[in-house]
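So you know, we letter chains A, B, ... as the sequences are listed, proteins then strands, and number each from 1. Just so we're clear, the structure is a prediction, and the values are computed from it rather than from any experiment.
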Number of protein chains: 2
Amino acid sequence: MTDRRTAILEASARTIARRGVRGLRMDELAAEAGVSTALVYYHFKDRAGILRRTLEFITDRAGRYARGQHDTEGPTNPRELLELSLLLEFQDLPEVRENSTAWGELRASAIFEPELREELAEAGAAWIRQTTELLALAQPAATTAEVISSAERLTALREGLNARRLGGILRPEHARELMREAIEVEIAHLTTRR
Amino acid sequence: MTDRRTAILEASARTIARRGVRGLRMDELAAEAGVSTALVYYHFKDRAGILRRTLEFITDRAGRYARGQHDTEGPTNPRELLELSLLLEFQDLPEVRENSTAWGELRASAIFEPELREELAEAGAAWIRQTTELLALAQPAATTAEVISSAERLTALREGLNARRLGGILRPEHARELMREAIEVEIAHLTTRR
DNA sequence: GTCTATACAAGGATAGAC
DNA sequence: GTCTATCCTTGTATAGAC
């Protein structure tokens with residue numbers, strides 16, 4: 001593959017997705033990456049360091065992945081782009097699932113690891129921004145404030161549904177369906193308003 | 001207070017809310033409860049045991065708390081009861097905050113601790129049931145299927161908003177506002193339908 | 001940059017007395 | 001039921017050679 005550093009980050013995402021943040025062991029991570037534990041420390045200083053960098057890595061990868069989708073599918077209308085972007089996470093592709101599992105784990109653990117919070121807040125804000133833009137395109141008549149509120153609800157719902165799906169108490173198809181309906185409901189709300 | 005066993009469970013909820021599941025240390029828990037570590041093991045067998053029982057304890061306490069609210073506020077209409085029940089978690093009372101922080105933590109860790117999943121799924125289902133009932137009362141004309149979907153979205157949104165609030169990237173008042181609007185939007189949706 | 005070997009701390013769990 | 005004392009596994013981190 002690429003350089004060792006990247007290999008370690010990939011291994012970290014994979015391991016976190018499989019065992020959780022609490023279950024991430026430095027030696028296991030090293031083995032997964034095919035390097036020695038010492039090298040992990042050389043590149044990332046300590047455990048907190050890999051966590052921070054892994055969150056960064058996952059965020060970037062999710063962004064790349066989402067952008068890739070948009071390009072492949074060709075130009076479509078805002079409404080369809082919105083669905084595409086909000087439903088992406090619920091696809092049952094291994095890579096997507098790994099990313100969102102790891103993401104969910106890191107998000108949860110950020111509550112008690114202040115170091116991760118800034119990165120996390122930024123990623124969350126970016127999601128809201130992107131959703132707001134697409135919603136505004138889909139429904140130009142609506143107030144900015146209302147569009148933002150809708151975007152906040154949709155992204156928060158997405159995370160809530162994802163948490164349930166990862167917990168195994170909600171099937172992916174059902175999550176997708178609920179998400180799709182929510183988009184419909186919010187757009188209808190923005191339409192009928194005044 | 002009551003018996004030691006309960007004291008340990010209370011201490012566990014408190015400690016998980018403060019340090020997270022990952023940060024829960026048997027000796028710290030024991031100290032918090034004012035007992036020896038050995039006693040914790042005597043009552044709960046092992047670490048997984050306290051986690052399981054703490055989840056159970058928190059679920060019960062949340063239920064008691066919610067019911068208490070309803071009684072105190074006196075009989076109101078379904079719509080108001082619905083708001084009350086869905087907004088309860090976002091109040092900034094220490095006890096409520098502790099409960100929902102610990103709950104969020106346990107939910108997140110359940111992904112990797114199958115033992116917790118059953119309990120968790122049941123609690124989630126109970127929330128959906130209760131919300132469905134209140135929604136159906138508030139909007140008797142709607143289809144059962146549609147009401148259930150709305151309830152699923154509202155409860156998932158509640159969890160998503162709560163995760164953000166706990167992560168410190170969403171203020172409680174704003175969470176409440178978004179939740180309140182979501183109820184409005186969903187009820188409007190159920191009304192206009194056919 | 002990368003490895004082998006190892007020090008060292010932390011934390012889960014139990015034995016045995018009261 | 002409850003405590004004191006302690007064991008011992010597991011896991012983080014570093015020293016030092018290549």
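- Contacts classified as side-chain hydrogen bond (donor to acceptor under 3.5 Å, both in side chains) and involving residues 56-65 of chain B (residues at least two apart or in different chains) are given here: B:Arg53-B:Glu56, B:Arg61-B:Glu98, B:Arg61-B:Asn99.
- Going from atom OH of A:Tyr41 over to atom C1' of D:dA15 covers 14 Å, rounded to whole Å.
- Judged as a side-chain hydrogen bond (donor to acceptor under 3.5 Å, both in side chains), and not counting sequence neighbours, B:Thr131 has no contacts.
- Summarising the geometry, the separation between CG on A:Asp27 and P on D:dT10 is reported as 11 Å, rounded to the nearest angstrom.
- For residues 48-57 of chain B, proximity to DNA chain C is found at no residue, defined as any non-hydrogen atom under 4.0 angstrom from a strand atom.
- Partners of A:Asp92 according to the side-chain contact (heavy atoms from CB on, under 4.5 Å) rule, which considers only residues two or more places apart in sequence or in another chain, are A:Arg97, A:Arg165, A:Pro172.
- Counting only residues at least two apart or on different chains, the salt bridge (Lys or Arg N to Asp or Glu O under 4.0 Å) pairs with a member in residues 148-159 of chain B are A:Arg164-B:Glu159, A:Glu181-B:Arg153, B:Glu89-B:Arg158, B:Arg107-B:Glu159, B:Arg153-B:Glu186.
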Interface polar pairs with nucleotides 1-5 of chain C, N/O, under 3.5 angstrom:
| unit_1 | atom_1 | unit_2 | atom_2 | d |
| --- | --- | --- | --- | --- |
| C:dT2 | OP1 | A:Arg4 | NE | 3.2 |
| C:dT2 | OP2 | A:His43 | NE2 | 3.2 |
| C:dC3 | OP2 | A:Ser36 | N | 3.1 |
| C:dC3 | OP2 | A:Ser36 | OG | 3.0 |

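- Going from atom CE of A:Met26 over to atom P of C:dA7 covers 20 Å, rounded to whole Å.
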Could you list the donor-acceptor pairs under 3.5 angstrom formed by side chains in residues 113-126 of chain B, with sequence neighbours left out?
| unit_1 | atom_1 | unit_2 | atom_2 | d |
| --- | --- | --- | --- | --- |
| B:Glu115 | OE1 | B:Arg52 | NH1 | 3.1 |
| B:Arg117 | NE | A:Gly167 | O | 3.3 |
| B:Glu122 | OE2 | B:Arg129 | NH2 | 3.2 |

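- Under the rule for a side-chain contact (heavy atoms from CB on, under 4.5 Å), the partners of B:Ser36 that lie at least two apart in sequence or sit in another chain are B:Ala38, B:Leu39.
- Within the structure, the salt bridge (Lys or Arg N to Asp or Glu O under 4.0 Å) test picks out no pair touching residues 133-143 of chain B (sequence neighbours left out).
- Using modelled atom types, no side-chain atom of A:Ser12 and backbone atom of A:Ile8 make a donor-acceptor pair closer than 3.5 Å.
- Residue contacts for B:Leu24: at a heavy-atom cut-off of 4.0 Å it reaches the sugar-phosphate backbone alone, with no base atom in range.
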